[in-house]
Amino acid sequence: MDRILSLKGVGFRFGPEWALRDISVDVAPGELVGVLGPNGSGKSTLLKVADGILQPHEGEAFLKERSLGDYTRADVAREVAMVPQENHFRFAFSSLEVVLMGRFVHMGLFQFEGEQDMAVALDAMEATRCNELTERPIDELSGGEKQRVMLARALAQEPKLILLDEPTSFLDLRFKKEIFELLSSLKKERGLSLMIVSHDIDLSARYCDRIILLDRGSVYAEGRPEEVLTAQNVEAVYRCPVTVDKNPATGSTRVSII
Amino acid sequence: MRKAVNKGRQQGPLTASRVLKICLALSALLIVTVVFSLMTGTAKVTWSQWWTLFTGNAGVSDPTRLVILRIRLPRVMLAGLSGFSLSLGGVVFQALLRNPLADPFILGVSSGSAFGAVLGIMLGLSFGLGIPVMAFGGALLTMYIVLILGRKRMGMESSTILLSGVIINAFFTAIIMFFITTATDDRLHTMLFWLYGDLSQSNFAESALTGPAVLAGFVVLYCFATHLNLMTAGEEEALHLGVDVRKAKLVCFLVVSLIVGLVVAFSGLIGFVGLVIPHMARMAFGSDHRLLMPVSALGGAIFLIAADTVARTVISPSELPVGVITAFLGAPFFIYLLRKRGSRWTGS
C-alpha cells in the first residue's frame, strides 16, 4: 500500500542548532501513529515539517509519494489537517464558523459556503460529537469542547492525514480519553491516517498502532507500543526512572514513574 | 454575556444574498446622505430647486447650480471615496496585524505623505497637482521602506512591520515638526489644514482619478476576505488551513497603502475614520470579513460625508478641517467603546 507521508533522512535546524536530524518516518493509510519524547526532542518541529510549514534543510518530505516542496499551501491543506495544542481566537466566531474554516480550500472563487460545505461541516461535528455546540462562541467553550470543534474543523478539510500537536495537554482525564477514543474511531470508520504528538504515554500506548520515540531530534526507537515502551528506552529518553508493566484492566503497556 | 456576544449574528453561515441585502440598504443610506449633504451649506437649496435641477428643467438659478455641481458635488465625492478607503484600510490592517488599534496610517503612510506634502508646500508647489503628487510620492516611499525593513526571515512578520511603521512615523514626524517651526505664516496655514484633513479644494478630476482606483482596490481586497478571516485565527493556523499567508499579506499591504496613499494625497490626514467605523461595523454585523469589508467601506463613506457636511457648516461661512470633526466625534465614542467592552476584542 502507498504511504501517505514519508520523511526520508529529514534534518531541520533553527540557526546553527539542529532540531531534527536524519529522521526517516512513514505513515501508512489508516494508521494511528504516536510521537513521544521529552520536551525539546523535536516533536512539534516534526509535525511542522510533515505539514510543509517548515522546509527541511536535509533530506526530503513526501506526501503521497510527491515532494512536499512541490505543493502549494492549498494543495497541502486538501491532504493534511492540523489540530493545534491550543488556539486563541481574537474574534468571537461561532463553533460552526470555526468548523467551516476547514472548507476554505474546497470553496470556489466567491468563497461563500454552499450546501455541500454545510453538510460536510455538520457531518464532521457529528463525528466528533460537538453538533450541539454549533451556535456557541468558540472562546466560551471548555477545553474538551474546543478540541472536539478543532478536530471537526480538521475533518471538514476532508484530509487523508490529520496531525495533532499535543491536543490533550490541557484536558482532564475524561476528555483525554475521549479524544483518543475519537481518533481511534475516526481511523476505523473513515480510514484516516493520524499522527499525534503527546505526553500521554499510557493512552498513546493503548490507542496507537505504532509509536515513534524521539530523543534530541532523532528517532530513538520505533515500532509497536509494547516494543518501544520498555523501561530501558523510556528511562534513557526521558531521563527519569520508571517501571513498565501491563495495565490489568486493558492489557496495554503502562509506564509508571518511580 | 452570551447575548452580547451573539448580537448581530444570524443563524447559520453568511450567505451572499445577506451581504448583498445589507450592502444595498447601506448604499441607499449613502445616497440619502449625499443628497442631504448637497442641499446643506451656506447657500440654502430648497426641495423645489433640487427637483428642477435633478429633472434637468430650467428654473434653477446659475449660482445654485454652480454651488451644487461644481463646489459641493466634487467635495462630497472625495469625502465619500476617502471615508470608503480609510475605513476599508482600517479593517484590513486590523485583521492583518491582529491588532485592534491598527488604522490605515499605522504603517507610516500618513507621515510619509505628510512629509511629501509639507515638503511640497515649503518648496512652493501649491498649484495644480503639486501637493498631491508630492504626498503620494511620500506615501510610496514609506511603504517601500517599511516593507523592505519588515521583509525579514519567514516572509513578513507582523510585529517587525508594525515596529518599522512606528519608527518611520517618528522619523518623518520629526522632519515635519522641523518644517512647521521654520515655516512662514501663509505656508503654515496650508500645512496645518493639510495635516488635519481638508476636503475644501476638491475637484472632479481628483474623484475621476481616485474613484476607479479605489473600486479596483476594493475588488482585489474582497478576494482576500476569507483569507483575512482565517488569518485572524493566527498566521500559522491560516497556513494549516491552506492560505498562502505571505502572498495574502503582501497584496493586502500594497493595495491598502496604495488606495490610502491616493486619497490622503488629495484629502490630507483624516484620523479616526479607519479606527472607529470598522469597530462599529464589527459590533453591528460580526467579524466575517466578507460582510465586514463592504459594510465598513460604505459606513466610512457615509460617516465622512456627514462629518464634512458638519465641518463646512458648523462655523459657516468659515469652515473647519474635517479631521477636527472626525476626531471630535471619534475620540469620545472610542472611549465609550473601551469602557463598555473592556479590553476584549471579540468582534460581534
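Each chain gets a letter, A, B and so on, in the order the sequences are listed, and its residues count up from 1. As a basis for the values below, the full set of heavy atoms in this structure was taken, side chains included, without hydrogen atoms, waters or symmetry mates.
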**Report entry** Side chain proximity check, B:Val243 to B:Glu235, heavy atoms < 4.5 angstrom
**Finding:** no
Query - Heavy-atom contact with chain B under 4.5 Å, split by part of A:Val80 - result: backbone
Query raised in the report: Are any of the side-chain nitrogens in A:Glu181 or A:Arg129 under 4.0 Å away from the carboxylate oxygens of its partner?
Result: no
Requested in this report: For each of B:Val245, B:Asp244, B:Leu230, tally heavy-atom pairs with chain A at distances under 4.5 Å, and name the one with the top tally.
Outcome: B:Leu230
Query raised in the report: Does the pair A:Asp26/A:Lys8 count as a salt bridge with the N-to-O cut at 4.0 Å?
Result: no
Query raised in the report: Strictly under 6.0 Å, is that where the ring centroids of B:Phe224 and B:His289 end up?
Result: no
Query raised in the report: Tell me, side chain or backbone of A:Arg78 under 4.5 Å from chain B's heavy atoms, or both, or neither?
Result: neither
Query - Interchain contact, A:Glu113 with chain B, by part (heavy-atom threshold 4.5 Å) - result: both
